[in-house]
Chemist: 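If you scroll down you'll find the structure; I have some questions about it.
Worth knowing before you read on, the calculation uses all heavy atoms, side chains too, and leaves out hydrogens, waters and symmetry mates.
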Amino acid sequence: MASMVLAGLGLAAVGFAGRYVLKQMPILSQKMAEAVKNMPKLDTQSLANSKYYKGGFEQKMSRREAALILGCSPTASKAKVKEQFKKIMSANHPDRGGSPYIAAKVNEAKDLLEK
């Protein structure tokens, strides 16, 4: 008998809590809408100043583009090119989830700068 009373009190508590939450929903949704409005806007200028190159690939790769891909100077030594190649390729190798297209471009950049 006592367990039935406790179960009834538990159900009543759940019911009152649910009713309270439902009554507060319009207020909470209004506060959420205000919070979203007050969020700072995404600054496209800061994205433009990122260290990453924004353009696509050229039809025929130039020394400048190859240097941008590897993150070194167009006149970098073969040792520096090889070092940068290993660093970039380890992050973009197809066997490790990288894109085969990107890996091909990295290889092409290395070959062009080593000439």
Chemist: For the atom pair OG (S73) and CZ (R64), what is the distance rounded to the nearest 0.5 Å?
Modeler: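 Those atoms lie 12.5 Å apart.
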
Chemist: Looking only at heavy atoms, which two atoms of P26 and K23 are closest? And how far apart?
Modeler: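 Smallest heavy-atom distance, with atoms named: CD-O, 3.4 Å.
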
Chemist: For residues Q84 and C72, report the shortest heavy-atom separation together with the two atoms involved.
Modeler: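 So the minimum-distance heavy-atom pair works out to CG-CB, 4.1 Å.
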
Chemist: Applying side chain to side chain contact (heavy atoms under 4.5 Å, CB included), run through I27 and K31 and close with a yes or a no.
Modeler: CA-CA 6 Å; I27 297 168; K31 286 183 180 180; 4.0 Å; yes

Chemist: Do you know which two heavy atoms are closest between K78 and E114, and how far apart they sit?
Modeler: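 Residues K78 and E114, closest heavy atoms: CE-O, 3.0 Å.
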
Chemist: Given side chains that start at C-beta, do those of L28 and M32 come closer than 4.5 Å, heavy atoms only?
Modeler: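 Side chain of L28 against side chain of M32, heavy atoms only: no contact under 4.5 Å found.
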
Chemist: When you compare the side chain of E34 with that of K37, does any pair of heavy atoms fall below 4.5 Å?
Modeler: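 SC-SC contact between K37 and E34 ruled out.
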
Chemist: Should the heavy atoms of other residues, nucleotides or ligands under 6.0 Å from NZ of K105 be counted, would the total exceed 12?
Modeler: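 More than 12 heavy atoms, drawn from other residues, nucleotides or ligands, come within 6.0 Å of this atom.
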
Chemist: Would you compute the distance between atom CE of M89 and atom CG of N107 and round it to the nearest 0.5 angstrom?
Modeler: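 Reported to 0.5 Å precision, the distance equals 3.5 Å.
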
Chemist: Please name the pair of heavy atoms, one in L113 and one in P74, separated by the smallest distance, quoted to 0.1 Å.
Modeler: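 Residues L113 and P74, closest heavy atoms: CD2-O, 3.8 Å.
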
Chemist: Report yes if the side chains of I102 and F57 come closer than 4.5 Å at any heavy-atom pair, otherwise no.
Modeler: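 Yes. Closest side-chain heavy atoms under 4.5 Å.
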
Chemist: If you take all heavy atoms of L112 and M61, which pair is closest and at what distance?
Modeler: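 Between these two residues, the closest heavy atoms are CD2-O, 3.7 Å.
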
Chemist: Between K110 and I69, is any pair of side-chain heavy atoms under 4.5 Å apart?
Modeler: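 K110 vs I69: side chains apart.
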
Chemist: Ignoring hydrogens, what is the shortest heavy-atom contact between I88 and L70? Give both atom names and the distance.
Modeler: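 Smallest heavy-atom distance, with atoms named: CG1-O, 4.1 Å.
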
Chemist: Using modelled atom types and a 3.5 Å cut-off, is there a donor and acceptor pairing between side-chain atoms of E65 and backbone atoms of E58?
Modeler: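 Yes; at least one donor-acceptor contact below 3.5 Å.
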
